[in-house]
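So the structure is just underneath, and the comments pick up after that.
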Protein chains: 2
Amino acid sequence: MLKYILLGFLNYSPMTGYDLKRIIDHSTAHFWHAYHSQIYTTLARMEDEGLLTSETDDSDDKLSRRVYTITPTGQAALAAWQRQPLTSLPHGKNELLVRLFFSADRKTEEVLDELRIQRRLHQQQLELYNHIYLDDYLNEAPPTEQQNVAREMVFWQMTIDFGRAYEQMYLAWLDETINKLTELD
Amino acid sequence: MLKYILLGFLNYSPMTGYDLKRIIDHSTAHFWHAYHSQIYTTLARMEDEGLLTSETDDSDDKLSRRVYTITPTGQAALAAWQRQPLTSLPHGKNELLVRLFFSADRKTEEVLDELRIQRRLHQQQLELYNHIYLDDYLNEAPPTEQQNVAREMVFWQMTIDFGRAYEQMYLAWLDETINKLTELD
DNA sequence: CTTTAATATGTCAATAGTGACATATTATAC
DNA sequence: GTATAATATGTCACTATTGACATATTAAAG
């Protein structure tokens, strides 16, 4: 998956691994995260596969700054991936639910403390979606043709809307769960 | 993580890898999935680590049926994991959002088709949560002391409630997104 | 000027997860 | 009774992901 995220961003403009890391952190990280270690190794592999080419501005004494550019092969791979629709549900993973599932033998107050910590974290996350998020998309977005940005924004906004809806749902569920547990003694 | 799910279930009763696979499929799979290949290899590793012991009912001509039992070390590891609260947000992954994020250059109708497929899938998932789900928990649950089942049920129900809230949120977002896209031309 | 922090690029070992392959046993259908 | 499906147990190669380690450059602070 990271492969297609990298192709997707590089399809706008050539960039270094670090550029991609920054952009991902400010955009897709909320629904697909990657450490820089994975980004660098994946870029190298993609170059081997012929999806990308790279160049270092060889002033030799400077730090490398390897700039990656998407190839026609890479663009074809991206397009093929886009055309193939997702026809299944993902195997969602939620560590908190795992913990809750096996919490019957824990002290209620201990579980409540844990849920309250989560409540605070999700409250913060919701604040993030409500405020700074859209600006980041604009500031960090790679330079692209101005006439298309409007359409891009529509799709980006949809992912933000999802994030907000998700956090609101999560908070409501946490409140309900905390209430139920509080009345359990 | 799978390690603690296995410890959690084996803490109720000794079981084989296949038993665990079945129980996971009917319970935690909705928030933590595992293939049987991973379950078998993880069980073997956990036995090496001293968290489990295993026995095969050696009728020799029969298929092995390796029954795993949690050790005191395993119970201690489970208890330690339970006590250590989760203090961070997970790095959520959502392939659909990745695809949507990079869908600005796709034909609107193609994206809509994909979203409608997802709508159908999530509708089915919600039906699942609304009907069969709680029964499965009861039928597939390992035998445990009857007096504690009530408390267990409270916690299991919370994870089901989350699943339902999640699918409802997802469907509402899909509807909203489909509407917005429909009015985009 | 020089220490310090922030920026930037990478490698590596280990763990987690996927999906295909292999194969044996038990139950069911015909 | 036998073909077929369902049950059951495992291995293996590969890919993905994590988190620690290493290190160099540039900016800022004092």
Side-chain angles (χ1 to χ4, degrees), chain A residues 1-7 14-26 28-29 31-49 51-52 54-68 77 81 88-95 98 140, chain B residues 1-7 14-26 28-29 31-49 51-52 54-68 77 81 88-95 98 140:
Chain A
M1 266 304 307
L2 178 61
K3 175 166 142 178
Y4 296 105
I5 295 175
L6 299 176
L7 284 175
M15 272 178 279
T16 68
Y18 196 79
D19 294 335
L20 287 160
K21 169 64 175 161
R22 281 172 55 92
I23 289 179
I24 288 172
D25 282 349
H26 288 85
T28 66
F31 44 91
W32 205 285
H33 167 269
Y35 289 104
H36 77 273
S37 55
Q38 194 191 0
I39 291 172
Y40 284 116
T41 51
T42 303
L43 285 170
R45 178 171 56 80
M46 288 166 73
E47 187 173 15
D48 287 344
E49 291 171 3
L51 304 173
L52 310 175
S54 76
E55 255 182 80
T56 56
D57 42 359
D58 275 320
S59 344
D60 231 6
D61 56 314
K62 297 182 87 175
L63 196 56
S64 40
R65 275 199 65 81
R66 181 171 296 272
V67 179
Y68 286 94
W81 172 76
S88 63
L89 293 175
H91 294 142
K93 309 230 153 174
N94 186 326
E95 184 169 350
V98 174
E140 295 290 332
Chain B
M1 264 305 307
L2 178 60
K3 174 166 143 178
Y4 296 105
I5 295 175
L6 299 175
L7 284 175
M15 272 178 280
T16 68
Y18 197 78
D19 294 335
L20 286 160
K21 169 62 175 160
R22 281 172 54 91
I23 290 178
I24 288 172
D25 281 349
H26 288 85
T28 66
F31 45 90
W32 205 284
H33 166 271
Y35 289 105
H36 76 273
S37 54
Q38 196 191 358
I39 291 171
Y40 284 116
T41 50
T42 303
L43 285 170
R45 177 170 56 79
M46 288 166 72
E47 187 173 14
D48 287 344
E49 290 171 3
L51 305 173
L52 310 174
S54 77
E55 256 183 77
T56 57
D57 42 359
D58 275 319
S59 344
D60 231 7
D61 56 316
K62 297 181 89 174
L63 196 56
S64 39
R65 276 199 63 81
R66 181 171 296 273
V67 178
Y68 286 94
W81 172 74
S88 63
L89 293 175
H91 294 142
K93 308 230 154 176
N94 186 325
E95 184 169 349
V98 174
E140 295 291 335

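So you know, we letter chains A, B, ... as the sequences are listed, proteins then strands, and number each from 1.
Along DNA chain D, the nucleotide nearest to A:Met1 and the one nearest to A:Ser37 differ in position, and the one closer to the 5' end is contacted by A:Met1. Remark on DNA chain D: of its neighbouring residues A:Leu2 and A:His36, the 5'-side contact belongs to A:Leu2, judged by nearest-heavy-atom nucleotide.
Contact check, A:Tyr40 against C:dT9: a side-chain N or O comes under 4.0 Å of OP1 or OP2. Using a 4.0 Å cut-off, some side-chain N or O of A:Lys93 falls inside it from OP1 or OP2 of C:dG17. At least one side-chain nitrogen or oxygen of A:Gln38 sits closer than 4.0 Å to the OP1 or OP2 atom of D:dT17. Taking 4.0 angstrom as the limit, B:Tyr35 places a side-chain polar atom (N or O) nearer than this to OP1 or OP2 of C:dG19. Put simply, B:Arg66 has a side-chain N or O that comes within less than 4.0 Å of OP1 or OP2 on D:dG10. Between A:Thr16 and C:dT9, a side-chain N or O to OP1/OP2 separation shorter than 4.0 Å is present. Under 4.0 angstrom from either OP1 or OP2 of D:dT7 there lies no side-chain N or O belonging to B:Arg65.
At whole-Å resolution of the value, CD1 in B:Ile39 and P in C:dT18 are 11 Å apart. With rounding to whole Å, A:Met15 atom CE is found 12 Å from C:dT9 atom P. Rounded to an integer number of Å, the gap from B:Ile23 CD1 to D:dT7 P is 15 Å. Rounded to a whole Å, the CG atom of B:Leu43 is 11 Å from the P atom of D:dT11. Note: OH (A:Tyr18) to P (D:dT25) measures 16 Å, nearest angstrom. One atom, NZ of B:Lys3, and another, P of C:dA14, lie 16 Å apart when rounded to the nearest Å. Distance, B:Leu6 CG to C:dG17 C1': 14 Å, rounded to whole Å. Rounded to whole Å, atom C1' of D:dT7 lies 11 Å from atom CG of B:Asp19.
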message: I'd like to know whether B:Val98 forms a side-chain contact (heavy atoms from CB on, under 4.5 Å) with A:Tyr4, so could you lay out the CA-CA distance, the side-chain angles of the two residues, the decisive distance to 0.1 Å, and finally the verdict.
response: CA-CA 9 Å; B:Val98 174; A:Tyr4 296 105; 5.7 Å; no
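For the atom pair OH of A:Tyr68 and CG of A:Leu7, the computed distance is 12.5 Å after rounding to the nearest 0.5 Å.
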Could you give the side-chain donor-acceptor pairs of residues 41-49 of chain A under 3.5 Å, partners two or more places apart or in another chain?
residue: A:Thr41; atom: OG1; partner: A:Ser37; partner atom: O; Å: 3.0
residue: A:Thr41; atom: OG1; partner: A:Gln38; partner atom: O; Å: 3.1
residue: A:Thr42; atom: OG1; partner: A:Gln38; partner atom: O; Å: 2.6
residue: A:Arg45; atom: NH1; partner: A:Glu49; partner atom: OE2; Å: 3.0
residue: A:Glu47; atom: OE1; partner: A:Ser54; partner atom: OG; Å: 3.2
residue: A:Glu47; atom: OE2; partner: A:Ser54; partner atom: N; Å: 3.2
residue: A:Glu47; atom: OE2; partner: A:Ser54; partner atom: OG; Å: 2.9

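Without hydrogens or angle criteria, A:Lys21 side chain to A:Ala34 main chain gives a donor-acceptor distance under 3.5 Å.
Between A:His91 and B:His33, the ring-plane angle classifies as parallel under the 30° and 60° cut-offs.
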